[in-house]
Amino acid sequence: MDPAEVEFLAENQMVSIVPNFNFERIYLISGDIGPFRAGLPVQVPIWMATNLRQRQKCRIIAPDWMDTERLEQVKEEESQSRYFTKMPSEHYMVEGHMLLGVAAEDIPHADEIRTILKDIWDMRMSKLRSSVDAFIKTGGSHAKLDHLTAMEINSIRPLLPHALDELYKLQKVVR
Amino acid sequence: MFRSLSPHYFSIEDIFATQERLPCKFVVPVHRLGFLDPSSESEDIAVGTSIELPFWLAQTLCSQRRNIVTVEIPKIYKEAYREILKADACVVDLHKFGLFFYEFGTYLSRLEHRDSAVIGSVLVQTFKERFRQVMDWAHNSGTDPAIIQRLDSLEKALFREGHQTRAQLDAWLNAGTGLITAAEMVVNHKKRKLAVLDDF
């Protein structure tokens with residue numbers, strides 16, 4: 001799976017924006033997007049938010065979890081726990097990447113947030129790699145990892161299942 | 001990466017793996033096949049001559065019913081080399097041992113030989129230990145390409161996949177979105193449908 005495909009799935013999440021134009025309700029197949037009134041916040045999917053922002057038609061409001069203290073707390077928990085902790089959002093990396101890429105001025109302390117997100121990401125990736133290695137070494141038949149996000153799962157994707165296939169083939173002969 | 005789950009007639013890796021040669025000793029005299037042995041002069045193969053035959057030939061000849069040859073295990077899978085692998089699997093240059101070390105090893109361990117089971121378990125152990133290294137190399141985008149020469153073909157395929165995934169992920173993290181295009185199959189399907197409609 002491409003990172004682009006994971007990003008496509010993540011773009012459907014909602015985010016708050018403040019438009020600077022007026023427009024009536026939009027009826028899409030997956031749901032309605034409420035009437036746009038200049039100056040009043042409205043919830044839209046991220047793909048629409050980034051598009052409007054690029055055309056200078058709105059201002060993006062940072063999601064609740066995109067706050068330095070909150071993220072520092074999450075980072076602390078992550079570094080202390082041996083397993084994966086629950087992330088504030090299913091697609092935190094994609095949302096961070098997109099929103100910070102498009103609307104860095106709208107989000108307070110954008111650079112700090114970027115660094116903290118990168119730290120959390122690196123920590124989780126290294127935890128993932130060591131748990132994959134432990135899994136293969138002990139030759140377990142199944143493993144359960146909670147609170148992994150789609151992007152992280154995607155990074156290990158063709159490698160781990162294929163390696164397990166090969167291991168299975170080698171083990172089948174020993175029996 | 002499609003690799004066969006069991007001996008598959010058309011799998012290229014299987015064909016390569018069964019191509020590897022085994023030393024075999026003839027138990028019965030075989031007439032008029034003397035040309036198989038480059039060092040012999042006679043027209044027949046006498047009892048007790050040892051010739052290197054490819055695995056696919058040796059496997060059919062050594063089965064219990066026919067018993068024309070007895071096979072010996074090639075030296076790579078023998079005791080001495082197994083000890084080297086048990087000592088430290090990660091440092092070994094598996095490419096030098098044999099390009100299809102794992103595949104050929106599984107075929108060997110299916111033959112009825114007293115060392116078969118041991119070979120099988122050594123292979124499993126080696127794979128488990130070397131996997132960490134392969135994964136580390138694949139996930140580190142600055143890997144020296146010369147270093148992957150020391151990998152067996154199976155590990156190389158895994159490495160290539162991991163490396164490509166990593167490159168895609170890094171490209172996304174640095175440069176932003178990629179382009180998702182419609183699958184070829186869907187595009188062709190649509191075109192054909194339109195052509196059919198045009199006929200009417």
Side-chain angles (χ1 to χ4, degrees), chain A residues 1-11 46-47 50-51 54 93-94 96-102 114 117-118 121-122 125-126 128-140 151-175, chain B residues 1-7 13 101-103 105-111 116-136 138-140 152 154-155 157-181:
Chain A
M1 218 180 173
D2 274 335
E5 292 169 10
V6 179
E7 190 185 40
F8 180 74
L9 292 173
E11 276 176 338
I46 294 189
W47 52 270
T50 47
N51 186 286
Q54 277 168 342
M93 197 61 191
V94 183
H97 191 255
M98 295 199 80
L99 295 180
L100 289 171
V102 161
R114 207 171 291 182
L117 273 184
K118 185 107 183 31
W121 170 261
D122 289 335
M125 289 298 280
S126 65
L128 181 63
R129 278 213 290 274
S130 39
S131 60
V132 163
D133 177 52
F135 177 40
I136 296 266
K137 278 241 169 67
T138 57
M151 206 64 183
E152 292 152 0
I153 298 177
N154 193 47
S155 72
I156 203 75
R157 187 158 267 153
L159 186 59
L160 181 61
H162 284 164
L164 288 174
D165 283 344
E166 297 303 323
L167 196 55
Y168 169 68
K169 279 190 319 196
L170 291 177
Q171 280 175 335
K172 206 164 64 153
V173 193
V174 178
R175 240 151 272 145
Chain B
M1 166 176 117
F2 168 69
R3 294 181 82 101
S4 55
L5 268 183
S6 55
E13 286 90 14
F101 185 72
Y102 291 110
E103 287 92 337
T106 52
Y107 278 113
L108 278 182
S109 37
R110 279 195 215 119
L111 282 182
S116 308
V118 186
I119 295 182
S121 48
V122 162
L123 286 178
V124 172
Q125 219 26 57
T126 323
F127 182 76
K128 282 185 189 170
E129 281 171 31
R130 287 175 70 101
F131 175 71
R132 169 96 207 214
Q133 207 180 33
V134 173
M135 187 171 70
D136 282 343
H139 278 165
N140 195 356
D152 172 78
L154 190 143
E155 294 167 347
L158 286 174
F159 171 81
R160 230 177 287 131
E161 279 189 340
H163 194 73
Q164 197 188 26
T165 316
R166 183 65 180 186
Q168 279 179 339
L169 186 63
D170 283 343
W172 180 80
L173 278 174
N174 292 335
T177 65
L179 194 61
I180 306 181
T181 52

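So you know, we letter chains A, B, ... as the sequences are listed, proteins then strands, and number each from 1. Keep in mind that this is a model prediction, so the values were computed, not measured.
Proximity to chain A (any heavy atom under 4.5 Å) is restricted, for B/F127, to the side chain, taken from C-beta onward. Interface remark: B/T106 contributes backbone and side-chain atoms alike to the contact with chain A (heavy atom separation under 4.5 Å).
Options A/K137, A/R129, A/M125, A/M93 differ in how many heavy-atom pairs under 4.5 Å they form with chain B, and the most are formed by A/R129. In terms of non-hydrogen atom pairs under 4.5 Å with chain B, the most contact-rich of A/V132, A/N154, A/V6 is A/V132.
Atoms CD1 and CG, on B/I119 and B/L123 in that order, are 7.5 Å from each other to the nearest 0.5 Å. Distance CD1/A/I156 to CZ/B/R166: 9.5 Å, rounded to 0.5 Å. Taken from NE2 in B/H139 to CG in A/L159, the straight-line distance is 5.5 Å, to the nearest 0.5 Å.
Salt bridge B/D136/B/R132: present, at least one basic N to carboxylate O contact under 4.0 Å.
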